[in-house]
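Heads up: the structure comes next, in structure tokens.
So you know, we letter chains A, B, ... as the sequences are listed, proteins then strands, and number each from 1. Quick caveat: nothing in here was measured; it's all calculated off a predicted structure.
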Amino acid sequence: MSLARASSSPPGRHLAKVRASVEEALEGLRDGARVMVGGFGLSGNAEALIEGVLERGVRELTLITNNAGTPGRGIFRWFEAGIVRRFVGCYVGPNALVARAIEARTIEVELVPQGTFAERIRAAGAGIAGFYTRTGVGTAIASGKETRVFRGETYLLEEALFADMALVRARRADRFGNLRFHRTARNFSPLMCMAAATSVVEVDELVPEGDIDPDDVHLPGAFVHRLLEVREHEDPLERLAPEPDRG
Amino acid sequence: MSLARASSSPPGRHLAKVRASVEEALEGLRDGARVMVGGFGLSGNAEALIEGVLERGVRELTLITNNAGTPGRGIFRWFEAGIVRRFVGCYVGPNALVARAIEARTIEVELVPQGTFAERIRAAGAGIAGFYTRTGVGTAIASGKETRVFRGETYLLEEALFADMALVRARRADRFGNLRFHRTARNFSPLMCMAAATSVVEVDELVPEGDIDPDDVHLPGAFVHRLLEVREHEDPLERLAPEPDRG
Amino acid sequence: MAWTRDEMAERAARELPAGSIVTLGIGLPTRIAERVPRDAGIWLHTENGLLGVGPYARAPGELDSQVINAGKEPVTIVKGGSIFDSALSFAMIRGGHVDVAVLGAMQVAESGDLANWAIPGERVMGIGGAMDLAAGARRVIALTTHRTRRGEPKLVTRCTYPLTARACVARVITDLGVLDVTDRGFSLVELARGVSLEAIVAATGASLDVGDAPSLDPGRDDA
Amino acid sequence: MAWTRDEMAERAARELPAGSIVTLGIGLPTRIAERVPRDAGIWLHTENGLLGVGPYARAPGELDSQVINAGKEPVTIVKGGSIFDSALSFAMIRGGHVDVAVLGAMQVAESGDLANWAIPGERVMGIGGAMDLAAGARRVIALTTHRTRRGEPKLVTRCTYPLTARACVARVITDLGVLDVTDRGFSLVELARGVSLEAIVAATGASLDVGDAPSLDPGRDDA
């Protein structure tokens with residue numbers, strides 16, 4: 001029994017997180033993978049990574065994201081390329097392509113109330129197998145799910161939602177992976193990093209460790225596995241404000 | 001049916017949160033109340049509020065806090081004053097007084113694993129009635145609780161933990177109640193504000209709205225009901241570092 | 001005669017108590033935002049993770065693609081605003097920290113059941129945050145036209161569309177007036193300008209308790 | 001002869017892989033902190049809400065009563081450290097994001113069951129975070145003397161004290177050596193300096209697979 005055996009623990013995942021290219025950042029992503037994608041519509045997208053998945057040529061993905069998107073842009077191009085087998089999210093939108101694919105059963109869709117969606121993702125990252133919420137009780141969402149009464153009110157059991165990989169955008173990261181998000185682009189992204197076996201973060205700016213004060217970290221590096229610095233983004237405005245009221 | 005009826009909604013709780021005195025900050029705290037207290041031992045205590053509860057003369061409290069404390073100081077003085085009927089937390093410590101009170105059944109104790117404690121408090125604030133965790137499975141903690149198998153592993157059902165009032169410390173607050181905590185004093189405090197019907201925050205510094213950047217808020221004012229500015233604190237070091245090693 | 005969409009939004013804005021946290025649903029409810037007095041201590045929450053929604057961003061210098069509301073429209077942030085992740089945003093909603101939610105509706109039943117996400121036989125667009133808001137907000141107000149574009153009543157004895165939540169709606173504001181949901185069903189609170197009792201009763205697909213003669217639309221002199 | 005407490009801590013420090021997240025329990029495991037090489041990319045987590053625990057704070061200018069570890073001792077924070085609330089801290093633990101937890105032990109069974117929070121008939125001090133760590137960390141190492149002060153074995157066929165978690169311990173480091181918990185019970189990995197096979201077998205309250213002759217304590221020249 002050699003000494004080496006006692007001290008040869010393989011290194012952990014929290015070394016050398018910075019990747020040099022989209023290809024390296026997506027290494028290991030395979031056909032059939034469950035992929036979480038952060039952002040809210042086109043806002044706060046990991047643009048390079050989303051594009052990179054298309055170029056990688058993987059197929060049969062389970063896409064877990066809030067919103068199926070807008071034709072011709074962002075994550076919707078995954079649908080257009082036919083690489084999504086299953087969509088789990090809150091909003092399909094008025095997309096004829098997705099609607100036809102659902103009807104033709106080439107895409108499965110699981111619609112989830114947005115709060116339940118967020119909490120299921122958090123649960124996966126937090127070691128919580130399931131939880132009870134009032135959301136969806138007495139609706140189609142409750143179909144096939146267990147209910148339980150707490151303090152006289154009926155709650156629905158919802159289960160954790162896991163992924164193989166998360167692709168999210170952050171404003172700033174240090175090299176350990178401590179993240180800062182910008183404004184409403186935070187949304188599901190920290191939760192998705194927690195829930196995915198491998199979290200990949202596209203950051204506007206990489207900074208040295210110590211540049212982000214410990215009190216100002218939005219998500220600790222423990223939940224972040226790969227970093228890709230991308231300084232230029234399209235960051236389109238998906239909509240403009242409505243016309244001002246007459247009154 | 002008068003017009004007034006249609007527009008006479010009583011004002012909400014998010015006006016004029018700043019209180020002028022400890023007495024005002026604790027208004028409405030009654031015998032038998034469930035009170036959450038933030039901090040970790042003597043670190044990050046809401047010192048004035050903890051003292052104020054003693055002066056108020058309320059009794060039969062359910063105290064929900066991580067740690068029963070240190071004789072003569074902090075929250076432990078509530079035990080010494082005999083105002084705690086029930087303690088829910090993670091650590092009693094080697095306190096003869098609490099131990100005797102438990103034996104004499106003048107105090108009930110519910111010991112909770114620390115992660116379950118934090119998650120139960122968060123659940124109460126988040127509208128989650130219960131959740132499944134692996135923590136405690138196969139131990140005395142599981143006694144009388146339901147278990148359930150998810151993906152081949154056994155989990156324990158734990159329920160939300162509510163309070164009537166939370167007393168916590170923060171480093172900085174704006175007048176709406178957006179909070180910043182300092183370092184490891186954050187711990188249970190934001191969760192307790194979420195879980196309590198009335199959250200009372202003792203802050204080192206009150207600042208105008210707008211002084212805390214939206215991205216830098218640790219807990220939004222939606223979860224904060226009363227603010228008391230206290231500029232001077234004892235903030236004792238409960239322990240010193242151990243002697244440096246010889247080697 | 002009846003209220004315009006702008007007047008409906010204005011009437012709904014008057015429902016919001018000072019010092020409250022309010023979430024506005026997508027569509028017509030979002031238009032309430034611009035009618036909330038800026039000094040009333042009403043804090044607008046948008047479920048994508050912002051408390052303290054300010055006026056729409058319109059000037060080029062104000063626009064930031066990462067500062068949007070749940071309808072993906074660019075907004076500003078008021079002083080005292082805060083940003084948080086979606087888990088905390090819905091903790092706020094489900095945990096009872098939102099005082100009022102104003103939601104659109106396809107159908108509201110006299111029991112307070114709300115249907116606002118799917119029409120049988122038509123494409124489902126999605127659920128969004130409506131189910132969480134309907135189940136979690138302390139007070140749910142439905143803001144909707146009284147009838148569909150085809151003239152069918154939206155206020156009904158029982159919803160025939162898939163439900164968003166049961167027994168959640170406390171008040172309905174329509175183009176024809178304001179109604180409460182009570183233990184005995186719909187109860188008239190206020191008639192819109194130029195709408196007769198007969199007209200609102202006829203447009204309602206459930207029985208309507210008109211009580212004493214309800215007030216006519218008072219215009220703005222009551223604010 | 002056997003390892004001192006300092007040597008036990010040093011041996012345990014060598015268990016920690018580069019690039020890992022490690023939580024140290026209260027008591028002896030905490031002393032590992034000062035033996036972790038600063039440049040190995042080992043991130044120490046303390047369950048009260050800090051990742052990136054640095055050396056103890058001893059100089060007056062370093063002391064901050066609001067920067068402490070789970071043992072309430074004042075610490076420093078390394079560059080790249082982060083602060084979070086207790087819900088996130090235990091999400092990290094339960095969710096499998098902590099690679100290694102090193103915990104004290106009162107009893108370890110050959111099945112890997114761990115007992116470290118209560119002794120029947122004695123006052124219970126508390127549970128703290130041990131149950132979460134034992135259930136949640138990817139790898140649990142028990143760091144303990146081989147016997148109690150009264151000479152009773154702590155490594156046993158079956159725990160008689162209340163359990164912290166079932167089948168969680170992967171490796172035990174004691175003053176007498178290093179043992180793995182395998183499907184067939186305890187298996188000797190390494191003997192401490194000057195400890196004989198006979199001595200460790202005699203001190204173990206369960207059967208011990210000694211395999212081939214295990215290595216003697218190699219001192220430090222293997223690091």
Which atoms of T30(D) approach chain B - backbone, side chain, both or neither, heavy atom under 4.5 Å: neither
Single hit among T116(B), T133(B), T139(B) for side-chain contact (heavy atoms from CB on, under 4.5 Å) with M131(D): T139(B)
Atom group of I93(D) that falls short of 4.5 Å from chain B, counting heavy atoms: neither
Contact class of R122(B) relative to chain D, heavy atoms under 4.5 angstrom: side chain
Heavy-atom pair with the smallest gap, counting every atom of I68(D) and S43(B): CD1-CB, 3.4 Å
Atom group of D113(D) that falls short of 4.5 Å from chain B, counting heavy atoms: neither
Contacting region of A87(D) [heavy-atom separation from chain B under 4.5 Å]: both
Segment of R94(D) engaging chain B (4.5 angstrom heavy-atom cut-off): both
Validation row: V124(D), V92(B) side chains within 4.5 angstrom (heavy atoms): no
Nearest-0.5 Å distance that lies between atom CZ in R186(B) and atom OG in S89(D): 11.0 Å
Presence of salt bridge, R239(B) and E73(D), under 4.0 angstrom: no
Distance (rounded to the nearest 0.5 Å) between S86(D) OG and N187(B) CG: 4.5 Å
Engaged part of V75(D) at the chain B interface, taking heavy atoms whose separation is under 4.5 Å: neither
Heavy-atom pair with the smallest gap, counting every atom of D132(D) and Q114(B): OD2-N, 3.3 Å
Among the listed options G115(B), A118(B), P236(B), A140(B), the residue most often paired with chain D at heavy-atom distances under 4.5 Å: G115(B)
Any I83(D) side-chain heavy atom under 4.5 Å of H182(B) side chain: no
Region of L88(D) in contact with chain B, defined by heavy-atom distances below 4.5 Å: neither
Proximity breakdown for V112(B) and chain D, heavy-atom pairs closer than 4.5 Å: backbone
Minimum heavy-atom distance A96(B)-R123(D), with the two atoms named: CA-NH1, 3.7 Å
Heavy-atom pairs under 4.5 Å with chain D, option from A185(B), G41(B), G89(B) with the top count: A185(B)
Pairwise side-chain contact, I127(D) with C90(B), heavy-atom cut-off 4.5 Å (strictly under): no
